[in-house]
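In what follows, chains carry the letters A, B, and so on, assigned in the order in which the sequence lines appear, proteins first and then strands, with residues in each chain numbered from 1. Keep in mind that this is a model prediction, so the values were computed, not measured.
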Amino acid sequence: MIDLKAARKDPDHFRTALARRGAAQDFDALLAVDASWRELTERAEGLRARQKRSSKSAPSEAELAELRQLREELAEAQGDLARAETERNDLLITIPNLPDPSAADGMEEDDAQTLRTWGELPAFDFTPRDPLDLGSKTGWIDMARGARLSGSRFAYRIGDVALAEMALYRFTLDRLISKGFLPVLPPVLVGEQAMYGTGFLPTEESNTYHLEKDDLYLTGTSEVALAGIHADERLEEDELPARYVAFSTNFRREAGAAGKDTRGMFRVHQFDKVEMYVCCLPEESVEYHERLLGYEEEIVQALGLPYRVQNIAVGDLGAPAAKKYDIEAWFPVQGRYREITSCSNTTDYQARRLNIRFRRAGGLDYVHTLNGTGATARALLAMMENFQDSSGTVTLPEVLRPYGAPATLGGQR
RNA sequence: GGUGGAGUCGCCUAGUGGCCGAGGGCGCACGCCUCGAAAGCGUGUGAGGGGGCAACCCCUCCGUGGGUUCAAAUCCCACCUCCACCGCCA
């Protein structure tokens with residue numbers, strides 16, 4: 001969440017920044033509610049101070065009547081205050097992060113700014129085949145059986161495809177461990193606090209799977225569990241940056257994506273992902289964001305995928321993000337660049353909600369947090385589209401071989 | 001799932017209705033002592049919120065949420081976590 005105290009001091013700065021992502025009117029509503037909250041606070045605290053002074057010792061009979069009266073007044077004042085506080089917090093929790101000045105302007109996906117492109121687009125003298133059509137006897141993607149089992153948007157990855165995908169994750173994990181990330185296998189079922197803390201609730205409610213019976217949520221990314229590692233903790237300055245890399249299965253309802261990417265396993269309800277997460281000093285997050293992007297690019301380059309880097313428009317950012325870079329790989333069959341990784345600087349937005357602070361000379365302060373994709377199966381899909389030959393054989397990158405990937409996929413079936 | 005025990009200020013612990021938002025020890029910080037250090041002695045040492053130019057004042061927090069009372073760490077209820085044992089399962 002935003003820094004309310006700072007917002008009171010300099011409302012114009014906050015309003016201007018939030019206006020870029022269309023949140024100025026919510027911000028003004030918040031300020032108004034906050035003003036009345038402060039009035040009610042003073043009244044309730046004054047009454048409470050009176051009651052406490054009178055309760056230092058047993059009151060006389062005469063005082064008792066007066067104190068009973070005071071109790072009623074206090075209860076009323078506290079009730080008013082609680083209502084104002086709820087109203088204020090409900091608003092506060094929906095206000096998105098302040099965008100970074102260098103985040104691209106605009107409200108749409110198309111407003112993203114292309115920072116650079118890398119790699120050669122493949123030139124086919126045949127019509128490249130869709131990953132779904134590139135299976136062989138020894139390995140394939142099976143959406144039909146996935147649908148029979150679980151409905152649309154569920155994929156079986158079978159045989160060599162399964163091995164290739166696992167090799168991709170293990171390769172990525174190794175790369176990031178060598179950069180100093182600590183590997184984690186996290187829970188994927190989490191309580192409501194973690195979902196609010198990371199900012200997926202309340203804004204992404206419709207996209208999350210919720211288990212009513214146990215009141216637990218299936219996470220759409222291991223960012224949620226990784227952010228939770230240090231919730232309510234006070235870190236020492238020398239523990240920062242804390243860097244984690246997780247592998248987990250992720251669950252997304254994809255509400256609002258009806259009709260989009262319906263073929264194949266590009267957009268599915270359940271997918272696996274290697275994810276980076278960093279808690280760092282506030283003054284380091286901007287630089288760390290570039291580093292995370294750099295690690296992502298190294299991985300995509302090692303795989304040999306042509307890609308471009310997008311600076312996502314402010315209006316297209318998730319609520320917690322101040323700035324976001326996506327890497328979009330070239331998908332020759334789709335004929336366009338598509339997102340395969342995403343990394344965000346969430347500054348102190350999640351740290352405030354999750355209460356992750358660190359201690360240093362000046363006292364306690366909130367850490368900054370960042371997250372970024374290591375790899376998902378979309379990278380494998382991109383490899384299948386880019387690295388195929390006219391026989392439908394996909395040559396996988398050498399770097400994946402030590403991790404158990406077959407040399408090729410597809411071919412005769 | 002069942003039974004029993006426990007959750008207090010960084011750690012350990014005292015505390016069964018008002019003198020406790022909280023005592024003691026450890027740790028930590030500063031000072032004295034010392035050539036220096038240790039020991040010893042002294043002082044200080046949680047977080048959040050509101051008000052004030054400031055010194056400072058006020059409120060909240062004893063696992064969490066409710067309740068009783070003029071007054072709750074303390075009494076009552078529910079829940080959570082941890083430990084032990086039992087049952088069941090991987």
Practice item. Summarise protein proximity over nucleotides 51-63 of chain B in one line of letters, 5' to 3': B for base, S for sugar-phosphate only, - for none, counting protein heavy atoms closer than 4.0 Å. Key: S------BBS---
Can you tell me the base-pairing partner of [N]? Count Watson-Crick or G-U wobble geometry only, both distances below 3.5 Å, and say none if there is no partner.
{"N": "B:C82", "answer": "B:G5"}
{"N": "B:C28", "answer": "B:G44"}
{"N": "B:C89", "answer": "none"}
{"N": "B:U16", "answer": "none"}
{"N": "B:A73", "answer": "none"}
{"N": "B:G36", "answer": "none"}
{"N": "B:U68", "answer": "none"}
{"N": "B:A22", "answer": "none"}

Practice item. Among B:A71, B:G49, B:A47, find the nucleotide with the atom closest to the side chain of A:Arg357. Key: B:A47
Atom-to-atom span, [atom1] of [X] to [atom2] of [N] - whole angstrom:
{"X": "A:Leu364", "N": "B:C9", "atom1": "CG", "atom2": "P", "answer": "16 Å"}
{"X": "A:Gln51", "N": "B:A72", "atom1": "CD", "atom2": "P", "answer": "7 Å"}
{"X": "A:Leu70", "N": "B:U69", "atom1": "CG", "atom2": "P", "answer": "15 Å"}
{"X": "A:Lys9", "N": "B:G49", "atom1": "NZ", "atom2": "P", "answer": "11 Å"}
{"X": "A:Asp365", "N": "B:G48", "atom1": "CG", "atom2": "C1'", "answer": "15 Å"}
{"X": "A:Leu47", "N": "B:A71", "atom1": "CG", "atom2": "P", "answer": "13 Å"}
{"X": "A:Asp232", "N": "B:C80", "atom1": "CG", "atom2": "C1'", "answer": "14 Å"}
{"X": "A:Leu4", "N": "B:G48", "atom1": "CG", "atom2": "P", "answer": "15 Å"}

Revision key, fill the gap. When A:Trp37 and A:Arg234 are each assigned the nearest nucleotide of RNA chain B, the 5'-most assignment goes to A:Arg234
Check your understanding: Taking the six-membered ring for Trp, are the ring centroids of A:Phe266 and A:Phe331 within less than 6.0 Å of each other?
Key -> yes
Review point. Taking only residues two or more places apart in sequence or in another chain, which ones pass side chain to side chain donor-acceptor pair (under 3.5 Å) with A:Glu233?
Key: A:His230
Point to revise | All side chain to side chain donor-acceptor pair (under 3.5 Å) counterparts of A:Ser342, not counting sequence neighbours | key: A:Asp326
[X] and [Y] ion-paired at < 4.0 Å:
{"X": "A:Asp272", "Y": "A:Arg157", "value": "yes"}
{"X": "A:Arg267", "Y": "A:Glu254", "value": "yes"}
{"X": "A:Glu398", "Y": "A:Arg401", "value": "yes"}

Pairwise [atom1] distance, [M] and [N] [rounded to whole Å]:
{"N": "B:A72", "M": "B:U60", "atom1": "P", "answer": "10 Å"}
{"N": "B:U45", "M": "B:U34", "atom1": "P", "answer": "28 Å"}
{"N": "B:G15", "M": "B:G65", "atom1": "P", "answer": "25 Å"}
{"N": "B:G67", "M": "B:A54", "atom1": "P", "answer": "37 Å"}
{"N": "B:G21", "M": "B:U74", "atom1": "P", "answer": "13 Å"}
{"N": "B:U81", "M": "B:C28", "atom1": "P", "answer": "35 Å"}
{"N": "B:A6", "M": "B:G42", "atom1": "C1'", "answer": "38 Å"}
{"N": "B:A90", "M": "B:C79", "atom1": "C1'", "answer": "28 Å"}

Exercise for review: Verify the distance criterion only: is there a donor paired with an acceptor across the side chains of A:Thr347 and A:Ser285 at less than 3.5 Å?
Suggested key: no
Between protein and nucleotides 88-90 of chain B, what N or O pairs are separated by less than 3.5 Å?
none

Point to revise | A:Thr373 vs A:Glu339 side-chain heavy atoms within contact, under 4.5 Å | key: no
Review point. Partners of A:Tyr366 by ring pair (Phe, Tyr, Trp, His ring centres under 6.0 Å), sequence neighbours excluded?
Key: none
Practice item. Please report the shortest heavy-atom distance between A:Ala322 and A:Leu317, naming the atom on each side. Key: O-CD1, 3.7 Å
Distance-only criterion, 3.5 Å: show the donor-acceptor pairs between side-chain atoms of residues 299-306 of chain A and protein atoms not counting sequence neighbours.
from	atom 1	to	atom 2	distance (Å)
A:Gln301	NE2	A:Tyr307	OH	2.8

